[in-house]
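Below: the structure, in structure tokens.
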Number of protein chains: 2
Amino acid sequence: MRGKGGRQTIRDLAAIAGVSISTASKALNDTGRMGEETRQRVKRVAREIGFRPNALAQGLLSKRSFTIGLLTNDTYGRFTLPVMAGVSEALVDRGVSVFLCAIEDDPALGQVHVDAMLDKQVDGIIATGKRVDRSLPIDLTDVPVPVVYAFTEGGPESVSFRSDDAHGATLAVEWLKTNGRQRIVHVTGPEDFFSVRERSGAFRATAGEGASVFFGEWSETWGRDAVERIWAAAGEKPDALFCGNDQIARGAVDALRERGIRVPEDVAIVGFDNWEIVAAQMRPPLTSVDMDLKELGRQAGLTILALAEGLTVEPGVRTLPCRLVVRQSCGAGGSGEAGSLGNDEQRR
Amino acid sequence: MRGKGGRQTIRDLAAIAGVSISTASKALNDTGRMGEETRQRVKRVAREIGFRPNALAQGLLSKRSFTIGLLTNDTYGRFTLPVMAGVSEALVDRGVSVFLCAIEDDPALGQVHVDAMLDKQVDGIIATGKRVDRSLPIDLTDVPVPVVYAFTEGGPESVSFRSDDAHGATLAVEWLKTNGRQRIVHVTGPEDFFSVRERSGAFRATAGEGASVFFGEWSETWGRDAVERIWAAAGEKPDALFCGNDQIARGAVDALRERGIRVPEDVAIVGFDNWEIVAAQMRPPLTSVDMDLKELGRQAGLTILALAEGLTVEPGVRTLPCRLVVRQSCGAGGSGEAGSLGNDEQRR
DNA sequence: AGTTTGTGAGAAAACGTTTTCTCATTTGAC
DNA sequence: GTCAAATGAGAAAACGTTTTCTCACAAACT
């Protein structure tokens with residue numbers, strides 16, 4: 001019934017239903033006054049011919065396009081993807097579609113994309129990136145539509161969302177403690193990352209001020225190197241490692257195995273990011289902190305929608321709790337739940 | 001100058017420039033007849049007040065929205081991302097924006113997204129997925145706009161793009177031969193994948209009919225297991241492995257190292273997918289076949305645009321050549337180029 | 001019977017463009 | 001000096017909706 005050449009307009013609908021255009025419109029939108037019989041007839045005909053209103057025409061009049069833009073400089077990254085999924089999921093059933101604009105780190109390209117979106121009358125823009133403490137290469141403070149920031153720096157007057165890294169670190173350490181670990185060490189990325197400072201701060205607060213933190217880079221290699229350094233040093237060895245991301249964790253596990261140290265029996269490991277493709281494939285599968293970026297995307301989506309509808313939203317940074325995805329790298333789990341969902345993964 | 005409350009319309013522009021609306025429009029579009037002085041004046045004023053035409057109004061009239069939809073069921077995957085980047089790159093400077101719709105494998109969700117896009121009068125739809133021989137969970141043959149398929153099955157009458165997997169495999173084997181390898185073995189994924197059959201076929205044709213192929217799964221674990229099996233068997237051992245993806249390659253390299261076999265000295269390795277985050281971080285960095293998905297996306301973008309402009313495009317499958325990204329897992333390289341671009345990577 | 005109130009439905013304006021048509025004036029040719 | 005052609009520019013229609021206004025008619029009051 002659909003796709004029969006040029007789309008049907010409300011004019012066609014009105015003609016078939018034997019009413020005027022205005023009556024047709026009012027019938028469909030449940031506005032205006034008319035006999036119930038007429039209203040139902042119009043609706044029935046609309047259903048029969050598969051009428052769908054032209055959103056361009058609606059947007060022209062209503063000044064709402066039911067379209068938003070998602071700007072990111074993290075084209076290939078694994079952060080933007082879950083955020084996008086969340087945004088899309090939150091908005092699709094409200095009829096909002098999402099323009100995705102990958103702008104790399106090119107300000108000119110960013111401007112082109114922003115202009116194109118504004119021309120298309122987007123109702124708002126969500127800016128997202130790969131790092132919480134860096135901003136996109138383009139200034140959005142003057143765009144004439146609402147903007148919210150997710151997983152990227154937005155400036156003081158903005159509405160921003162990010163995960164609560166301190167909370168994530170606390171979750172990890174507490175889980176290790178629950179499992180009886182005493183000497184926990186934190187191996188993480190470069191200290192100039194805000195997330196790194198956030199997490200290491202919470203780590204020290206929870207694991208004890210004396211607990212050591214090793215800053216390095218976000219690579220597997222660094223995970224291996226860190227283990228070499230720690231085990232080469234004199235003194236008592238850790239019985240648990242909290243790693244700044246899953247790649248570091250993976251390097252660490254490999255290095256431990258090479259030394260004949262068993263995971264999780266001798267050393268328990270917790271990672272960060274819960275990057276499924278690494279965490280779930282590791283042997284043993286890695287317990288990891290999940291930043292719940294999809295939820296972050298959902299919230300950003302709902303917020304931009306609220307702003308687009310004219311509601312006011314308090315500026316400031318909103319942090320979202322992390323959650324721990326328990327797999328086998330810390331043992332079977334404290335409360336005996338681990339494994340109850342099969343031997344691979346357990347959520348929540 | 002921009003963002004000063006409600007946007008300027010062509011009516012404002014006309015008033016400021018002291019001409020009628022029609023003259024203003026014609027001036028900007030270089031159409032119609034008028035004095036050169038008038039035309040320039042209008043253009044200058046437009047520039048000064050930062051006038052940008054409302055794309056919704058333009059689209060309403062022209063029946064072209066300069067908007068396309070990208071439908072994918074590979075939300076988190078690494079295939080869709082490069083494709084998207086290519087599409088976006090090819091279209092952005094022609095003023096086309098891209099709706100990204102992640103539909104997982106849910107037909108209902110797919111329908112919602114497609115309907116939303118059609119309502120918004122997209123000029124075309126690109127369907128993309130995670131597997132060349134599977135189609136999206138929604139039938140697009142009846143949508144009233146052009147459709148092209150990229151990295152997903154499109155049906156006989158469709159315009160489809162995919163990489164030339166046979167070519168990729170040939171490249172890999174020839175490179176290994178060039179480097180003096182004689183006994184090449186292919187370790188790859190499940191045989192029910194079209195890509196797997198394509199690649200293994202070309203492998204056999206190039207490496208010799210007697211060359212062995214091991215089918216398994218797309219995991220690191222399978223890479224390790226395959227090496228165990230091959231080295232446990234009696235007879236001469238391979239001096240090169242061509243792996244079906246980078247994860248398999250990684251598992252294989254790990255297993256070889258554990259057996260004290262050196263890469264690339266004793267055994268050379270080539271992977272597939274050139275998934276940077278794996279291939280470049282491996283020790284040694286992995287030589288891998290790149291399917292050039294970004295280029296695939298570019299072509300799909302240009303094609304959908306051509307179709308949207310009314311050109312006819314021959315239906316059928318178009319395959320794009322792969323290219324080999326040479327790193328160190330096969331030795332320094334046959335023609336001495338490898339390393340000339342630094343010790344990490346060499347393209348083309 | 002005359003006035004108000006209510007009801008069903010259509011006409012027309014509006015949104016911001018582009019395009020076609022019309023028209024007055026100038027230019028050029030004879 | 002007349003007529004045809006060319007030129008510059010505006011009026012109006014169109015795109016597909018929504019919304020406000022108007023109006024005819026019927027029902028309910030005096």
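Hydrogens, waters and symmetry mates are skipped; everything else that's a heavy atom, side chains included, is used. The sequence lines fix the lettering, A, B, ..., with proteins before strands; numbering per chain opens at 1.
Within residues 15-24 of chain B, the residues that have a heavy atom under 4.0 Å from DNA chain C are, in order of number, B:I21, B:S22. Contacts of residues 30-41 of chain B with DNA chain C (heavy atom under 4.0 Å): none.
Under the rule for a side-chain contact (heavy atoms from CB on, under 4.5 Å), the partners of B:K130 that lie at least two apart in sequence or sit in another chain are B:N73, B:D74, B:F79, B:D105.
Contact annotation: B:N29 side-chain N/O to C:dT18 OP1/OP2 distance is under 4.0 Å. Proximity of B:S25 to the phosphate of C:dT17: no side-chain N or O atom is located under 4.0 Å from OP1 or OP2. The shortest distance between the side-chain N/O atoms of A:Q58 and the OP1/OP2 oxygens of D:dT18 is below 4.0 Å.
A donor-acceptor contact under 3.5 angstrom links the side chains of B:K120 and A:S97, judged on distance only.
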### Query
Run the ring pair (Phe, Tyr, Trp, His ring centres under 6.0 Å) check on A:F161 and A:Y149 step by step: do they pass?
CA-CA 6 Å; A:F161 290 87; A:Y149 297 82; over 10 Å; no

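At whole-Å resolution of the value, CD in B:Q121 and C1' in D:dG16 are 9 Å apart. For the pair B:L56 CG and C:dT18 P, the computed distance is 13 Å after rounding to whole Å. Atoms CZ (A:R64) and P (D:dT19) sit 13 Å apart, rounded to a whole Å. A straight line from CD1 of B:I10 to C1' of D:dA12 spans 15 Å, rounded to a whole angstrom. Nucleotide D:dG16 holds its P atom 14 Å from the CG atom of A:L61, rounded to whole Å. Atom C1' of nucleotide D:dA9 and atom CG of B:L28 are separated by 15 Å, given to the nearest angstrom. C:dG16 atom P lies 9 Å from atom CG of B:D12, rounded to whole Å. When rounded to the nearest whole Å, the span between CG of B:D119 and C1' of D:dT17 equals 13 Å.
The base of D:dG10 lies close enough to the side chain of B:K26 for a donor and an acceptor atom to sit less than 3.5 Å apart.
Residues A:I16 and A:E48 are not in side-chain contact: their nearest non-hydrogen atoms beyond the backbone lie 4.5 Å or more apart.
A salt bridge is defined here as a Lys NZ or Arg NE, NH1 or NH2 lying under 4.0 Å from an Asp or Glu carboxylate O, and B:R7 with A:D119 meets this definition.
Of all non-hydrogen atoms in A:T303 and A:Q299, the two that sit nearest each other are OG1-O, 2.7 Å. What you find for A:S163 and A:M291 is that their closest heavy atoms are OG-SD, 3.3 Å. Listed here is the closest heavy atom pair of A:S65 and A:Q121: OG-O, 2.7 Å. For the pair A:L293 and A:P82, the tightest heavy-atom approach, listed with the atom from each and the gap, is CB-CB, 3.8 Å.
Using a 4.0 Å heavy-atom distance criterion, A:K63 is classed as a sugar-phosphate-only contact.
Comparing D:dG16, D:dT18, D:dA14 against the side chain of A:L60 picks out D:dG16 as the nearest.
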